[in-house]
Amino acid sequence: MLDEWQSNPHVRRWWSSTPFTADTIQPPMTKRWIVELGDVPFGFMQDYDIHSPGNPHLADLPNGARGMDQYIGDPKMLGKGHGSGMMRQRMNVLFDAGAPAIVVDPHPDNIHARMVYERLGFRVFGDRVETNWGPIIPMRAYP
């Protein structure tokens, strides 16, 4: 299902199509989920320790801060507020558990995602960064 979702143009444009295997589906510092509405899967979400390897641009953030990535895989579910809803729900869980900040890192050209993140309380906190997975604009939200 994830491979199928990642083959959709709306996902492929912003998300690398790394195949998931039994060894990579749940790395130690990352939590991943299939998001469902009722019992119908429609999206993918993950959050991770921002101090895990590969995130030197986030090193100044406090311990316990989490990064988030997500996408709606089912194109029929786009434009209905489900992305905002699933993010808001996970943000509440993370903040209730004590996360001092949550970070997202949209591609600089992904204006739609950046607008959604701003409505959810995220603010840009640095300049464009070139990462191993491409350019990003760092954004963070506080409880």
Side-chain angles (χ1 to χ4, degrees), residues 1-8 10-126 128-129 131-143:
M1 181 175 60
L2 291 172
D3 291 337
E4 178 185 332
W5 286 351
Q6 287 185 359
S7 71
N8 288 323
H10 74 277
V11 175
R12 193 173 52 239
R13 181 172 181 198
W14 306 115
W15 192 275
S16 69
S17 293
T18 306
F20 290 104
T21 66
D23 295 331
T24 64
I25 195 70
Q26 197 71 282
M29 299 177 92
T30 303
K31 305 291 184 196
R32 292 181 169 161
W33 299 271
I34 299 298
V35 181
E36 298 179 343
L37 182 61
D39 59 353
V40 178
F42 72 90
F44 172 82
M45 176 176 279
Q46 66 181 15
D47 65 77
Y48 55 91
D49 180 344
I50 55 117
H51 295 292
S52 60
N55 296 306
H57 58 287
L58 303 175
D60 292 338
L61 290 169
N63 286 334
R66 302 292 289 176
M68 286 180 69
D69 301 302
Q70 67 288 314
Y71 62 79
I72 293 177
D74 182 347
K76 295 180 298 226
M77 300 297 275
L78 293 171
K80 299 180 180 185
H82 298 306
S84 298
M86 70 186 197
M87 286 218 38
R88 186 174 300 108
Q89 184 177 22
R90 187 66 189 151
M91 289 172 69
N92 289 339
V93 168
L94 292 172
F95 286 143
D96 288 349
I102 300 172
V103 176
V104 292
D105 56 2
H107 188 284
D109 297 337
N110 193 342
I111 302 303
H112 177 75
R114 291 173 62 182
M115 289 179 0
V116 169
Y117 296 147
E118 286 177 1
R119 284 194 304 269
L120 289 167
F122 288 89
R123 299 295 176 256
V124 172
F125 70 97
R128 175 185 173 126
V129 177
T131 68
N132 291 339
W133 57 91
I136 60 105
I137 294 291
M139 300 178 77
R140 67 180 165 210
Y142 293 108

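Quick note: numbers below take in every heavy atom, side chains included, and nothing from hydrogens, waters or symmetry partners.
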TODO: Identify the two heavy atoms, one from R123 and one from E118, that lie closest to each other, and give their separation to 0.1 Å.
DONE: NH1-O, 3.0 Å
Open item on the list: I'd like to check D60 versus F125 (side-chain heavy atoms, cut-off strictly below 4.5 Å). Are they in contact?
Closed with: no
Task: Flag side-chain contact, heavy atom, 4.5 Å: I72 against K80 - done: no
Task: Spacing of M87 atom CE and F122 atom CZ [to the nearest 0.5 Å] - done: 4.0 Å
TODO: Tell me, yes or no, whether the heavy-atom count around Q89 atom CD, taken from other residues, nucleotides or ligands under 6.0 Å, exceeds 12.
DONE: no
Open item on the list: Restricting to non-hydrogen atoms, name the atom on F95 and the atom on A141 that form the minimum distance, rounded to 0.1 Å.
Closed with: CZ-O, 3.6 Å
Open item on the list: Could you check whether any side-chain N or O of D74 sits under 3.5 Å from a backbone N or O of K76, counting only pairs where one atom can act as donor and the other as acceptor?
Closed with: yes
- [ ] Return the minimal non-hydrogen interatomic distance between Y117 and Q70, and the atom names on each side.
- [x] OH-NE2, 2.5 Å
Task: Heavy-atom side-chain proximity of D69 to D105 below 4.5 angstrom - done: yes
Task: Euclidean distance, R90 CZ relative to M45 CE, rounded to 0.5 Å - done: 8.0 Å
TODO: Please check if atom NE2 in H112 has more than 12 non-hydrogen atoms from other residues, nucleotides or ligands closer than 6.0 Å.
DONE: no
Open item on the list: Is there a side-chain contact between F44 and M1 in this structure, where contact means two heavy atoms from C-beta onward sitting under 4.5 Å apart?
Closed with: no
TODO: Please lay out, stage by stage, how I34 and W5 fare under the test side-chain contact (heavy atoms from CB on, under 4.5 Å).
DONE: CA-CA 11 Å; I34 299 298; W5 286 351; 4.1 Å; yes
Open item on the list: Quick one, N110 and I137 - any side-chain contact, counting heavy atoms below 4.5 Å?
Closed with: no
Task: A65 backbone acceptor or donor facing H51 side chain under 3.5 Å - done: no
Task: Derivation and outcome, side-chain contact (heavy atoms from CB on, under 4.5 Å), residues D49 and R66 - done: CA-CA 5 Å; D49 180 344; R66 302 292 289 176; 3.7 Å; yes
Open item on the list: Can you tell me how far apart CG (L37) and CE (M77) are? Round to the nearest 0.5 Å.
Closed with: 4.5 Å
Open item on the list: Please find the pair of heavy atoms, one from I50 and one from G67, that lie closest to each other, and give the distance.
Closed with: CG2-N, 3.2 Å
Task: Contact summary for P106 and A113, nearest pair of heavy atoms - done: CB-CB, 4.4 Å
TODO: For the residue pair F42 and H82, categorise the inter-ring angle as parallel (less than 30°), tilted (30 to 60°) or perpendicular (more than 60°).
DONE: tilted
Task: CD-CZ distance between Q46 and R32, expressed to the nearest 0.5 angstrom - done: 4.5 Å
TODO: Measure the shortest side-chain to side-chain distance between V103 and Y48 over non-hydrogen atoms and say whether it is less than 4.5 angstrom.
DONE: no
- [ ] Report yes if some heavy atom in the side chain of I136 is under 4.5 Å from a heavy atom in the side chain of H57; otherwise report no.
- [x] yes
Open item on the list: Could you report the tightest heavy-atom contact between R114 and P108, atom names first, then the distance?
Closed with: NH1-O, 2.8 Å
